[in-house]
J.: 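First, the structure itself, so that you have it in front of you.
First the proteins, then the strands, lettered A, B, ... as listed; each starts at 1. Quick note: numbers below take in every heavy atom, side chains included, and nothing from hydrogens, waters or symmetry partners. Model, not experiment: these values are computed from the prediction.
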Amino acid sequence: MAEVKINDLMEKIVSLCKRRGFIYQSSEIYGGINGFWDYGPLGSELKRNVRELWWQAMTRFRDDIVGLDATIIMHPKIWEASGHVSTFADPMSTCKVCKKLIRTDQVWEIINDSEWGRTLSGFFSNGALDEEKLLQWVHHRGHRQVPGLALVKNPNEVVKALKSAIAGNKDLSPQEFFKIIATNPSAYTSLITPCPYCGGELTEPRMFNLMFKTHVGPVADEENVAYLRPETAQAIFAQFKNILETSRQKIPFGICQIGKAFRNEVTPRNFTFRSREFEQMELEFFIRPDEVVEKLAGKVAKWSEGADVSQPQPDWGWEMWHRHWVEERVKWYESIGLSRDTFELYWQQKEELAHYARACVDIQFKFPFGTQELEGIAARGDFDLTQHQKFSGKSMEYFDEEAKARYVPHVVEPSAGVDRLVLALICNAYSEDEVPDESGKLEQRVVMRFHPRVAPIKVGVFPLLKNKPQLVQKAKEVREMLRPYMSVFYDEAGAIGRRYRRQDEAGTPFGVTIDFDTLGETNSLKDTVTVRDRDTLKQDRVKIDELVHYLMERIK
RNA sequence: GCGGGUGUGGUUCAAUGGUAGAACGCGGGCUUCCCAAGCCUGAGACGAGGGUUCGAUUCCCUUCACCCGCUCCA
């Protein structure tokens, strides 16, 4: 298997992606654009396969999930209801001394919780200052804890300013107090906000807006501001009623969607892992609230280690459904070639959960640059539908015939990133091994070991020689024969070994070669071809008549 | 957004104040060619913009992108 230094591995993968046409930088001829990536010929096939397999698993193989394909730009109220307008814009400041980036709205909280903040507050209470202790602290702890603080750098002047401020205003607030001790009176005309980590001066807050903004209609003014969706999920909630009316589904059922989303990330990093334009595959699975389940089934099933969550049961509440979806999703990842040991399940702790979430599991893949999230599976209660009910004034309630009850459904949300998954598949597939060349000497080989289900090209078809018309013609016949069933790549250029290697880097699992035996040079082998396996390098002699079946068995 | 590093054919690298070389890869040709063989042959680069200079890929400034760290990841 791969013996690759972690440090170089990502660089090798990035360069292979470009060399073989998986992923290019967007707008590269103009110098590229930060956070945007394009998929080339092989990458687009790979990504298409991923989407296709997810969609099939969600809709075609289940009766209880239907699809949606909604617009990227939606009514701006949607993002007010979802909370994105308020939570996606953060004021940020940078410390001019220690260069840390800090959310401005958290500065005072961090100072109040800090050791130096608590200590200094202690010296100033009820409008009285303990000057002696203060100066003692400056000379001992202060230099170490907050070297950038004006009080530490210039204690005499700052204490003077502090005393005159106290004299003028007995009810100095903690913030005013901290601002004064952070400001060097001779160097500044106004008070500064101190950095919680070093006491240095913070820059003016700047807004970091994570949503892309645009305008609907030709005139760009505040009236017609709209946003590119930062997630696909909200469209599902917004269309919940329509789908309920038209799909003849009953709760529990799900709505799924694949589509682009946009986030103005502060720092896009790690190749395509965190991009500003990306694609999501999301399912919202609507279930009965636990009270309704209890009323109908008499109890709500409790989850315990080893419980069977494979087949939905009438007594399942949100917890069992959540477990069910975790299991379903894990199985799906395994089905496309990510073995269980390549990822981890991370159960978010109570204090990490968003206020409306009851549980959230991250499925994390072990990338070369760290273990990172591919998918989050959250139990979100009825938060989203209730919010849209509130903001739109339209009822989101469902009338449950069986329970004779009206309620806002609860939801379990498996939400996956397509681009992250494609990157994970690429990282997972990349390997280097050694194969013997024609003289038997071992040579290094780069091979993408994609699962045949996701491989961009399923089979390469090669005439052994391109200057023998009979070989070429037969090879083209075989190509035409296979085309309706799978993606085929025909190649006649270069030595046969070279063509095999080219397909190894593309991750093509099978190579079919038409040789002189195919044409009948050895009578018993007439109308047979060799099928070369990417991973084992073994060759099978297969009758052309049986080739479709042979390959379909192995790529399905 | 801050700090550090890096930008030369598709990829990986080299050299140089007088406009660039290689290896591999790619295209064409020859070869009964099954794991990147050989021979012939062809195409292809100084991230972008400005400045200094007679002349800049090289020096300076700006900018863009990538990598590492900080931060962010609802």
J.: Quick one: A/L42 CG to B/G10 P, roughly how many Å, whole number?
T.: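 Spelled out: CG on A/L42 to P on B/G10 is 18 Å.
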J.: Parallel, tilted or perpendicular for A/F240 and A/F286, by the 30°/60° rule?
T.: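 Ring orientation of A/F240 relative to A/F286: tilted.
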J.: Without decimals, in angstroms, what is the distance between A/K18 NZ and B/U12 C1'?
T.: 13 Å
J.: Rounding to an integer number of angstrom, what distance separates B/C24 and B/C64 when you compare their C1' atoms?
T.: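 That atom pair is separated by 29 Å.
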J.: What integer number of Å spans the C1' atoms of B/C46 and B/G10?
T.: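 Here B/C46 and B/G10 have their C1' atoms 16 Å from each other.
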J.: If pairing requires Watson-Crick or G-U wobble contacts with both distances under 3.5 Å, which nucleotide is the partner of B/A65?
T.: B/U6
J.: Quickly work out the A/I29 CD1 to B/G7 C1' distance and round it to whole Å.
T.: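 Result: 18 Å.
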J.: What is the pairing partner of B/U71, taking Watson-Crick or G-U wobble pairs with both distances under 3.5 Å in any strand?
T.: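 None - no nucleotide pairs with B/U71, as no candidate has both distances under 3.5 Å.
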J.: Below 4.5 Å, heavy atoms only, C-beta onward: do A/V447 and A/E505 meet side chain to side chain?
T.: no
J.: Given the C1' atoms of B/G28 and B/C67, what is the spacing between them in whole Å?
T.: 39 Å
J.: Any strand is fair game: report the nucleotide pairing with B/G17 by Watson-Crick or G-U wobble, both distances under 3.5 Å, or none.
T.: none
J.: Would A/R498 pass as a cation-pi partner of A/Y500, given that its NZ or CZ must be under 6.0 Å from the six-membered ring centre and within 45 degrees of the axis?
T.: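 No, a cation-pi geometry is absent between A/R498 and A/Y500.
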J.: Would you measure the distance from the C1' atom in B/U6 across to the matching atom in B/U12 and give it in whole Å?
T.: 15 Å
J.: Send over the distance from A/K12 NZ to B/G10 P, rounded to a whole Å.
T.: 22 Å
J.: Mind checking the C1' distance from B/G7 to B/A48? Whole angstroms is fine.
T.: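 About 11 Å, rounded to a whole number of Å.
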J.: When every nucleotide of nucleotides 27-38 of chain B is labelled 5' to 3' by its protein contacts under 4.0 Å (heavy atoms), B for base, S for sugar-phosphate only, - for none, what sequence of letters results?
T.: S-S-SBBBBBS-
J.: Give a yes or no on whether A/H549 atom NE2 has more than 12 heavy-atom contacts from other residues, nucleotides or ligands under 6.0 Å away.
T.: no
J.: Measure CZ/A/F367 against P/B/C68 and give the value in whole Å, please.
T.: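 Atom-to-atom, A/F367 to B/C68, this comes out as 14 Å.
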J.: Nucleotide by nucleotide, 5' to 3', does protein get under 4.0 Å of the base (B), only the sugar-phosphate (S), or neither (-) in nucleotides 60-67 of chain B, counting heavy atoms?
T.: ----SSSS
J.: Which value, in whole Å, describes the distance between the P atoms of nucleotides B/G44 and B/C33?
T.: 34 Å
J.: Taking the P atom in each of B/U63 and B/C68, what is the distance between them to the nearest angstrom?
T.: 23 Å
J.: What does B/A22 pair with, Watson-Crick or G-U, if both distances are under 3.5 Å?
T.: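 Check on B/A22: paired to B/U12, both distances under 3.5 Å.
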J.: Go through the steps to decide whether A/Q364 and A/E373 satisfy the test side chain to side chain donor-acceptor pair (under 3.5 Å), and finish with yes or no.
T.: CA-CA 4 Å; A/Q364 303 182 324; A/E373 180 185 349; over 6 Å; no
J.: Write down the partner of B/U52 under the Watson-Crick or G-U wobble criteria, each distance required to be under 3.5 Å.
T.: none
J.: Rounding to an integer number of Å, can you tell me how far A/Q503 CD sits from B/G25 P?
T.: 16 Å
J.: Rounded to the nearest Å, what distance is computed from the CD atom of residue A/Q372 to the C1' atom of nucleotide B/C72?
T.: 12 Å
J.: Are the side chain of A/D491 and the backbone of A/F462 linked by a donor-acceptor contact shorter than 3.5 Å?
T.: no
J.: Is there, by distance only and without an angle test, a donor paired with an acceptor across the side chain of A/T267 and the base of B/G1 below 3.5 Å?
T.: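 When only heavy-atom distances are counted, A/T267 does reach the base of B/G1 through a donor-acceptor pair under 3.5 Å.
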J.: Ion pair present between A/K543 and A/D527, side-chain N to carboxylate O less than 4.0 angstrom?
T.: no
J.: With side chains defined as the heavy atoms from C-beta onward, is the minimum distance between A/C427 and A/M10 less than 4.5 Å?
T.: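 Heavy-atom side-chain distance check passes, below 4.5 Å.
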J.: Please check this pair: side chain of A/K466 against backbone of A/P463, looking for a donor-acceptor N/O pair closer than 3.5 Å.
T.: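 No, A/K466 side chain to A/P463 backbone: no donor-acceptor pair under 3.5 Å.
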J.: Expressed in whole Å, how much space separates the C1' atoms belonging to B/G9 and B/A23?
T.: 12 Å
J.: Charged N to carboxylate O below 4.0 Å: is that the case for A/E375 and A/R329?
T.: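 Looking at A/R329 together with A/E375, the answer is yes, because their closest N to O distance falls below 4.0 Å.
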J.: Are A/R380 and A/E284 within salt-bridge range, i.e. N to O under 4.0 Å?
T.: no
